[in-house]
Amino acid sequence: MKLQIALDLLSTREALLLLGKVAPHVDIIEIGTPLVKAEGLAVLRAIKTAYPEKELFADYKTMDAGELEATMAFEAGADSVGVLALANDATIAGAVKAGYAHQKRVVADLIGVPPQYRLSRISELKDLGVSHVELHAGLDEQSLPGYSIVDLLKTISGSVLPFAVAGGINASTITTVRDAGAEIAIVGGGIYSAEDPQDAARRLRNAIK
Ligand SMILES: O=C(CO)[C@H](O)[C@H](O)COP(=O)(O)O
């Protein structure tokens, strides 16, 4: 299983400072939605220039104009881009078309898809040419009473596509995510909010070695 850091920060400077500490421990660098909203395409270019050997994921959460937004991200250096699974099929198909054109990856983010529809939506996404999905409890959902990553993981069992997982993963839950069959564990706050982000990233890496 790969480890992806979600840079849900507000400036390129903060992102580069954090990566200076944690990059050796992660496989994929995610430009988080707040960061790309704050800094635009320039942050993709800056991070890809600084870390050309790392896979770069742009968390666009695209809901419309799939081909255009995916193309923008790919041309700025992203290796993969996120489109919302809730988007219209035409949006998904547009993003997939851009992925083929650039030989890069489109990830459909299941955030907001009700649990009972997740598996059927994944089958439809597969038919649309999507190769990977993200099982995702967003920051707001995680803050609700009773949120449990174990319950979240139950809803992906039987997926016909490889999946990443995001939803407040930390060093004590990452092995559960791996054991559920995830291809990628995405960690944001578990690293950037830790007292010692370098140590947090190292412990996450060691847990899944
Ligand atoms: O996309 C996101 C929120 O919408 C986050 O990047 C994702 O949830 C990972 O962060 P965390 O580990 O803090 O949940």
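What's counted below: heavy atoms across the whole structure, side chains too, no hydrogens, waters or symmetry copies. Positions are given from 1 along the sequence.
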Can a salt bridge be assigned to the pair Asp79 and Lys48 using a cut-off of 4.0 Å between side-chain N and carboxylate O?
-> yes

Between Asp59 and Lys37, is there a salt bridge with N-O shorter than 4.0 Å?
-> no

Verify, without hydrogens or angle tests, whether Tyr60 (side chain) and Val36 (backbone) share a donor-acceptor contact under 3.5 angstrom.
-> no

Hey, does the side chain of Gln142 reach the backbone of Ala137 with a donor-acceptor pair shorter than 3.5 angstrom?
-> yes

For the hydrophobic clusters of this structure (ILVMFWY residues joined by side-chain heavy atoms under 4.5 Å, transitively), does one cluster hold both Ile92 and Leu110?
-> yes

Single-linkage hydrophobic cluster Leu44~Val83, side-chain heavy atoms < 4.5 angstrom = yes

Is any side-chain heavy atom of [X] closer than 4.5 Å to a side-chain heavy atom of [Y]?
X      : Y      : result
Met1   : Ile174 : yes
Asn206 : Arg203 : no
Leu7   : Phe57  : no
Ile156 : Ile122 : yes
Ile149 : Thr176 : no

Roughly how far, to the nearest 0.5 Å, is the CD1 atom of Ile5 from the CD atom of Glu30?
-> 9.5 Å

Enter the distance from Leu135:CG to Leu152:CG here, rounded to the nearest 0.5 Å.
-> 4.0 Å

Please list, chain by chain and in numerical order, all residues satisfying side-chain hydrogen bond (donor to acceptor under 3.5 Å, both in side chains) with [X], sequence neighbours excluded.
X      : value
Asp89  : Arg121
His102 : Glu75
Lys104 : none

Does Tyr117 OH have over 12 foreign heavy atoms under 6.0 Å away?
-> no

Taking everything shown except Glu53 itself, do over 12 heavy atoms lie less than 6.0 Å from its CD?
-> yes

Is a side-chain donor-acceptor pair under 3.5 Å present for Ser143 with Asp140?
-> no

